[in-house]
There are 4 protein chains.
Amino acid sequence: MSQPPGRPRDASLHAAILDAVRELLLVSSYAELSMDAVAARAQVGKKTLYRRWASKAPLVAEAVLDAYGRGGSFSVPDTGNLRADLHTWLIEHGEFITEPANAKLIRALVAAAAASSGDSDALYEQLSVPQRSGLVDRVRGAVDTGALRADVDPDVIANALMGTLLLQVMSGPVAGSLVVEQYVALVDALVDGMV
Amino acid sequence: MSQPPGRPRDASLHAAILDAVRELLLVSSYAELSMDAVAARAQVGKKTLYRRWASKAPLVAEAVLDAYGRGGSFSVPDTGNLRADLHTWLIEHGEFITEPANAKLIRALVAAAAASSGDSDALYEQLSVPQRSGLVDRVRGAVDTGALRADVDPDVIANALMGTLLLQVMSGPVAGSLVVEQYVALVDALVDGMV
Amino acid sequence: MSQPPGRPRDASLHAAILDAVRELLLVSSYAELSMDAVAARAQVGKKTLYRRWASKAPLVAEAVLDAYGRGGSFSVPDTGNLRADLHTWLIEHGEFITEPANAKLIRALVAAAAASSGDSDALYEQLSVPQRSGLVDRVRGAVDTGALRADVDPDVIANALMGTLLLQVMSGPVAGSLVVEQYVALVDALVDGMV
Amino acid sequence: MSQPPGRPRDASLHAAILDAVRELLLVSSYAELSMDAVAARAQVGKKTLYRRWASKAPLVAEAVLDAYGRGGSFSVPDTGNLRADLHTWLIEHGEFITEPANAKLIRALVAAAAASSGDSDALYEQLSVPQRSGLVDRVRGAVDTGALRADVDPDVIANALMGTLLLQVMSGPVAGSLVVEQYVALVDALVDGMV
DNA sequence: CTCTAAACGAGACGGTACGTCACGTCTTCGA
DNA sequence: TCGAAGACGTGACGTACCGTCTCGTTTAGAG
């Protein structure tokens, strides 16, 4: 259980860098974000950035996912009432991505995924798999208890809910704003169509 | 009805440039696509590019929308059977975006929108409004004829269908592949929930 | 006799860049001179520098040789009196290299030559061959007219005079300062030893 | 006569580092020599380098002067025959600097001196003062014994001899090669001109 | 047929960011 | 305290791309 030789990496820099990325993303898009600016704001050498992240895309991805993981990942509640649980989940996420700061971060993440040919799949998995699995599990549970028909595909439901949110956040603050009633209507339609 | 003086623009260049963009996007992401490469492949001076498009984003947008408009814009059929019409529309689009070449183009368009802070809204409108309006009109028509409940919000349905497609195309060829049965199940759930 | 296609290089930039190099060399050594600083002072993109010079060494060399060629290359006079002619030449050059600005430029040239393994020979030839040939010719003329012994090697004399100047300029303003009497004494010793 | 606390410095490292510098200088110029490479080749931490030398310039200087002091510093002989003594000295040094390995080291030293504005004088003194003083003393002795005229300036002679060598070593292996006869001719001219 | 004017291929240009590299310092561990 | 290892801040390196510009050439309509 020994330590590799040499000076160990400064763990506090990690958080400082991710903070710098997020702060800069509030006022600039992914393309406008420069590694030099990140290094300058985090008071860090560029070498330190490239020692830890291969390029801008994974750095931005980690910065966004880090924030998302801390404040934006609402596990699907399980009160026994699927309809109410999905209402809760969708409204929570809808409010989260409506927050301009959060919307900017998510747009940056999409840009990071779309930027490089190779990394996009990995990034999307990091982002969507945890969210998806909560939803899928909750729906599958409802199927198992007989609350939903046996032939319901949980993936279909998860896709419709998450896709609605993604489309909304990518459509911009104006075009995509859905109100609570619309979230409710979506869940109602899906649930009523599945019973 | 006179013509401005000077040599008129060569109309054939337009298509050549858009072709070059699409060919390059098959092997590179939006960020990796350079205007120099487009000019070189289209055998065109860079000045000619900037004479016709303000920057990379609208050029890519037009290249993608041009292809989408030619082969991928399936208007919503209206056979009187809403369920069947939505089945048709969703399956057609699902197959279109499953084609790897088409998926790459759409990802590039999303990247173009996500890349620059300002242009994203305009680009999204170009892309989504025509698609959305067909869907919304079809659903609203069903509401008007009494085939759907009067309180159904067509935007909610359009969002769910388009969002499902967007999420699928962004999730990569592997992770997001839905099959025909799932498209059917989604439409069924929504329709059954809305009657 | 046509011109290659494309925008031709701006000839005026050449002089502006060389001026910028010389101005910067007055306040910084060769190592402290950065290509970025040159580009900034000359109001020029870095690409323009590298389009015309492969690296810092040949750029500095040309900048120095350009100035040397304009103001510092004193041809060897030929009044018939070899001793007086060499006096004149050596004193002129001695005064030239004693000028701090000139000394700095020459030191930079030496550094440029010493910096890169490969280029040094070429640089030295550019600098020393023209100077040397004038001296050698003048001495050889004196040999031919019988003013000097037939077995005198003009290269030996040229080396001694130029070497004295080089050592002086490299030794720094303090350590190497020779006065006019010493130049005279050197020429006298060489001439008297060769008659 | 006590010893400072802590682990004493490993004296053998000094030689290992200087060796590493010299080995690297055989295949790279001063500018191409990196402290990291020195540390790696000498199997030494960089901190150890900077504990002993303030920067690259003095390290290279010591490495070169160390070699020069061991094999290349030929004191001026004093056989009573000044002409023969200067012959000996100049030929010895000429052969030393003609050796390619030695030439590279000296070029590196010149580069080290020319690199930084401040250090050059100090380095030049280390290199030239010991050499110069031997020459000057020998010539002054000859003046004192009446072998040379009373008004001979020993510095002038020392400059001409050392300058010839410096010019030769900087001119590259090809351009600057003088042969023994030319060294003899130089000394003869100077001596005969000074008697 | 000349003249004017704009489009065109080519490529130089200023600027900005990239990702790498070296310098010289600092921080861990073990000797 | 010294030493090896290596992370660190700083800043220059040389490259690539953006969007503009400046050439000489080409292609139209106007006179």
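Quick note on labels: first sequence line is chain A, next is B, and so on, each numbered from 1.
- The cationic atom of D:K56 (NZ for Lys, CZ for Arg) lies less than 6.0 Å from the six-membered ring centre of D:Y30 and within 45° of the ring axis.
- Residue C:R41 contributes atom CZ, which lies 16 Å from atom P of E:dG14 at whole-angstrom precision.
- Computed from coordinates, the C:L24 CG to F:dA12 P distance equals 12 Å when rounded to whole Å.
- Pairing each heavy atom of C:R107 with each of C:M170, the nearest pair is NH1-O, 4.2 Å.
- In terms of heavy atoms, A:V60 sits closest to A:L33 at CG2-CD2, 3.6 Å.
- For C:R52 and E:dC13, the shortest distance from a side-chain N or O to OP1 or OP2 is below 4.0 Å.
- D:L13 comes within contact range of the sugar-phosphate backbone alone, with a heavy-atom separation under 4.0 Å but no base atom that close.
- Pairing each heavy atom of B:L25 with each of B:A108, the nearest pair is CD1-CB, 3.6 Å.
- No N or O donor and acceptor, one from the side chain of B:R7 and one from the base of E:dC8, sit under 3.5 Å apart.
- In this structure, CG of A:L49 is placed 9 Å from P of F:dG9, rounded to the nearest angstrom.
- Distances shown here put every side-chain N or O of D:T48 at or beyond 4.0 Å from the OP1 or OP2 atom of F:dC2.
- Under 4.0 angstrom from either OP1 or OP2 of F:dG3 there lies at least one side-chain N or O belonging to D:R51.
- Mapping B:D10 and C:A42 onto DNA chain E by nearest heavy atom places B:D10 at the nucleotide closer to the 5' end.
- Using a cutoff of 4.0 Å between basic side-chain nitrogens and carboxylate oxygens, B:D19 and B:R41 are not scored as salt-bridged.
- Minimum heavy-atom separation, C:R22 to C:D66: NH1-OD2, 3.0 Å.
- When rounded to the nearest whole Å, the span between CD of B:Q43 and P of E:dA10 equals 6 Å.
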Nucleotide N/O of nucleotides 13-15 of chain F paired with protein N/O under 3.5 Å:
{"unit_1": "F:dC13", "atom_1": "OP1", "unit_2": "C:M35", "atom_2": "N", "d": "3.1"}
{"unit_1": "F:dC13", "atom_1": "OP2", "unit_2": "C:M35", "atom_2": "N", "d": "2.8"}
{"unit_1": "F:dC13", "atom_1": "OP2", "unit_2": "C:D36", "atom_2": "N", "d": "3.3"}
{"unit_1": "F:dC13", "atom_1": "OP2", "unit_2": "C:D36", "atom_2": "OD1", "d": "2.9"}
{"unit_1": "F:dG14", "atom_1": "OP2", "unit_2": "C:Y50", "atom_2": "OH", "d": "2.2"}
{"unit_1": "F:dG14", "atom_1": "O5'", "unit_2": "C:Y50", "atom_2": "OH", "d": "3.4"}
{"unit_1": "F:dG14", "atom_1": "N7", "unit_2": "C:K46", "atom_2": "NZ", "d": "2.8"}
{"unit_1": "F:dG14", "atom_1": "O6", "unit_2": "C:K46", "atom_2": "NZ", "d": "3.0"}

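- With a 4.5 Å cut-off on side-chain heavy atoms, D:R52 and D:L59 do not count as touching.
- Here C:Q3 does not reach the OP1 or OP2 of F:dC23: none of its side-chain N or O atoms lies under 4.0 Å away.
- The CD atom of B:E32 sits 12 Å away from the P atom of F:dC18 (whole-angstrom rounding).
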